[in-house]
There are 2 protein chains.
Amino acid sequence: MATVMKGKATSFDIAYKAGVSQSTVSRALRGSSLVSDDTRHRIQTIARELNYKVDKNASNLRRQHSVTLALLLFEDPTTDDSLINPFFLSMLGSITRACVRQGYDLLVSFQQLSNDWHADYQDSHKADGLILLGYGDYLVSRSRLQKLVDQGTHFVRWGAVLEGQPDISIGCDNALGGRAITDHLLALGRRRIAFIGDSSAHFPEFSARYRGHCEALCAAGLEPDPALQVDASDSIERLGIESVQVLLSRGVPFDAIFAASDLLAIGALRALANAGLRVPEQVSVVGFDDIPTASFVNPALTTVMQDTKLAGEMLVDRVLRQIRGEPVESAMLPAQLVIRRSCGAQAAP
Amino acid sequence: MATVMKGKATSFDIAYKAGVSQSTVSRALRGSSLVSDDTRHRIQTIARELNYKVDKNASNLRRQHSVTLALLLFEDPTTDDSLINPFFLSMLGSITRACVRQGYDLLVSFQQLSNDWHADYQDSHKADGLILLGYGDYLVSRSRLQKLVDQGTHFVRWGAVLEGQPDISIGCDNALGGRAITDHLLALGRRRIAFIGDSSAHFPEFSARYRGHCEALCAAGLEPDPALQVDASDSIERLGIESVQVLLSRGVPFDAIFAASDLLAIGALRALANAGLRVPEQVSVVGFDDIPTASFVNPALTTVMQDTKLAGEMLVDRVLRQIRGEPVESAMLPAQLVIRRSCGAQAAP
DNA sequence: CAATGCGATGAATACGTATGCAGGGGCATC
DNA sequence: GATGCCCCTGCATACGTATTCATCGCATTG
């Protein structure tokens, strides 16, 4: 009968109604084989009637884990408040889905790089493990990563995969991607290819792309020209515009631009248009990431696709393995060339 | 001394080291005024040394709330796995930030509409309240919303704001937006304006935009022509393409297209280009949402901007108020016209 | 018939924190 | 010097679940 309960039903309420002990209820609902089928069915029915839900806080407290991962998205404090790097958004989507498939909940948090409480989610038992996204300046963040490792925090980072790294990282093969896309430009007859993007060790992903770029040049018997490289430390459109302006002001000739990210490339396209240069006739432009907008800019952007779906799965998988105490290693994912019109190859629809 | 502790430090460990009771530690760290400054400082220092973090599970269990919100993102099971509606992504960003500002954590979950466990997050005390995004077919989801209300679940929905709704909803003023952008097209001399988007009560947001559209027509002495309206029930590019094909196959003349979402509008642009129709010279095209890509398509898309930042803040604020037991009402947010090239008004840079 | 074993259940306890209640000590007032 | 008061602290307990250990009934076996 519709007895008015104060507050939510607990396992004791179920036990009382079923005429068994709380222990049995707990066992029955967790699927323990110690409970007879008869009792189990009775308990399940009553639980459903009472709309009973296991209290996660109590359950987590008892079991000492939360079946939850935390996604920490770091960003430059200077970034506009409402915008998020579309590439990270795509990763977020695939990570969320991977978590669902594994039965884990996902806690999402934006953090300023200046904060120091990366491990708090795990330390406070809100999450069993961490996924780190958007660690910009590697040299700055490296000491923090080391600290996390020392504390025994379970975490995986999305980013460059380097030798002697303290942490576990998953990243795409940036060097290979940079090499492939440069090869492509060379095959199209381009010889003076500018590179927009930081080449220092501070931003290993960008610099790996640059390294691949240089390898391709050398393999073709060309020498990388420092005058054709412009630093851009962050992946925002404005920096793409400014970089092209720097390039133009230097007065060095160039017939192609390889931007280290699509956002930079889009900025570059805009700056070239402003300067009256035609793409791809006078200048080829290529990017990296294949963000959704890339196929819509004019002309459509040739770029390197990172498999975000696979990446999300791997990140989640690797954290879970760490949590289970299994040995885990960093890994690199393949990068794939996506040819559109901005490079000057045959037109796509 | 570097005493090796097994496991994490607890408030008892701090208490022992500080020579006080566990109660005092708890009070000191929660900022209770019952503790002397002297004791508090001592405890804080020790807590820092031991890298102590309050166990959220225990704390939540005791206090019966989790200081966490859950964002439930519903989507059509047919949607491609890796893509998320960019408008929702933008909302996600602003909601995440709003949560941070309020000191709440955010749990993100994708759900299939077929699932029935919307309230589980609150029932299991994983979250204190829910934010619902992307409830597509309103008539289908309405009974569920009613159920949530009956259960006393704290939740806010992003979507159309209707009379006699059981739940609290926050949405932009779709009718006004539809009216404004149609007025704009009319002012440019367009008279045969096609509308792409479902006009039925199943999708109240689209139908409100359609209603505003019709109001504008009527105010201008024009009658809405059913032949100029094409149903599109979901906001994906492919449907935009198909809708224009339907429109062309009908053979009715039109000089403008108002797509109920930017994604539909982008599909429409593509279909028009394929059909050899020039935008905006022969056909004006406008959308709704102002997703990031909108400014990059060719020609740049005139659209209606929804203030996602404000929306995120309002959603979070309204859930928190419900949690605090304060009375809450639905609200509509203003919509703002963003004029770019696709409508045929003066060119932007 | 006693001994053994097994399947099913209950009692008791731990997880770590927050808080109501009680108490101890110091100081002021009369 | 006794009384009262206030400030601070400690004791004990509740939050709801999962699990170890003990128990009890029943069947099987020698």
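Only a predicted model underlies this, so the values are computations on that prediction, with no experimental measurement involved. Letters A, B, ... mirror the listed sequences (proteins, then strands); counts begin at 1.
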Notebook entry, point to check: When you check the phosphate oxygens OP1 and OP2 of D:dC7, does a side-chain N or O of B:S36 lie under 4.0 Å from one of them?
Noted result: no
Notebook entry, point to check: Reckon A:Q64 touches a base, only the sugar-phosphate, or nothing at all at heavy-atom distances under 4.0 Å?
Noted result: sugar-phosphate
Checklist line | Sugar-phosphate only, base, or nothing, as touched by B:T10 at under 4.0 Å among non-hydrogen atoms | finding: sugar-phosphate
Check: Is the shortest side-chain N to carboxylate O distance from B:D317 to B:R321 below 4.0 Å?
Finding: yes
Next item on the list: Could you tell me whether B:S59 contacts a base, only the sugar-phosphate backbone, or nothing, with contacts defined as non-hydrogen atoms closer than 4.0 Å?
Entry: sugar-phosphate
Next item on the list: For B:F12 and C:dA18, give me the distance from atom CZ to atom C1', rounded to whole Å.
Entry: 11 Å
Check: Can you find a side chain N or O atom of B:S23 that sits less than 4.0 Å from OP1 or OP2 on D:dA12?
Finding: no
Next item on the list: Looking only at side-chain atoms of A:S21, point me to the closest of C:dG10, C:dA18, D:dT17.
Entry: C:dG10
Note to self: Nearest heavy atom decides the nucleotide; on that basis, is B:H125 or B:V35 closer to the 5' end of DNA chain D?
What the structure shows: B:V35
Item checked: Nearest-0.5 Å distance, CG of residue A:D105 to CG of residue A:L69 -> 9.0 Å
Check: Would one find more than 12 heavy atoms of other residues, nucleotides or ligands at under 6.0 Å from atom CD of A:E326?
Finding: yes
Note to self: Using a strict heavy-atom distance below 4.0 Å, which residues from residues 24-32 of chain A are in contact with DNA chain C?
What the structure shows: A:T24, A:R27
Note to self: Between A:R42 and B:Y52, which residue's closest nucleotide on DNA chain C lies nearer the 5′ terminus?
What the structure shows: A:R42
Next item on the list: Look only at the side chain of B:R40 and the backbone of B:S32, and say whether a donor-acceptor pair between them is shorter than 3.5 Å.
Entry: yes
Next item on the list: Round to a whole Å and report the spacing from NZ of A:K126 to P of C:dT17.
Entry: 15 Å
Next item on the list: Side chain of B:Q22 only, please: which of D:dT17, C:dA18, C:dG16 is the nearest?
Entry: C:dA18
Next item on the list: Go through the side-chain N and O atoms of B:T68 and A:K126 and say whether any donor and acceptor fall under 3.5 Å apart.
Entry: yes
Checklist line | Heavy-atom side-chain proximity of A:R101 to A:E313 below 4.5 angstrom | finding: yes
Next item on the list: Verify whether one side chain among B:S21 and B:T24 offers a donor that lies under 3.5 Å from an acceptor in the other.
Entry: yes
Check: Nearest-Å distance, CG (A:D55) to P (D:dG16)?
Finding: 7 Å
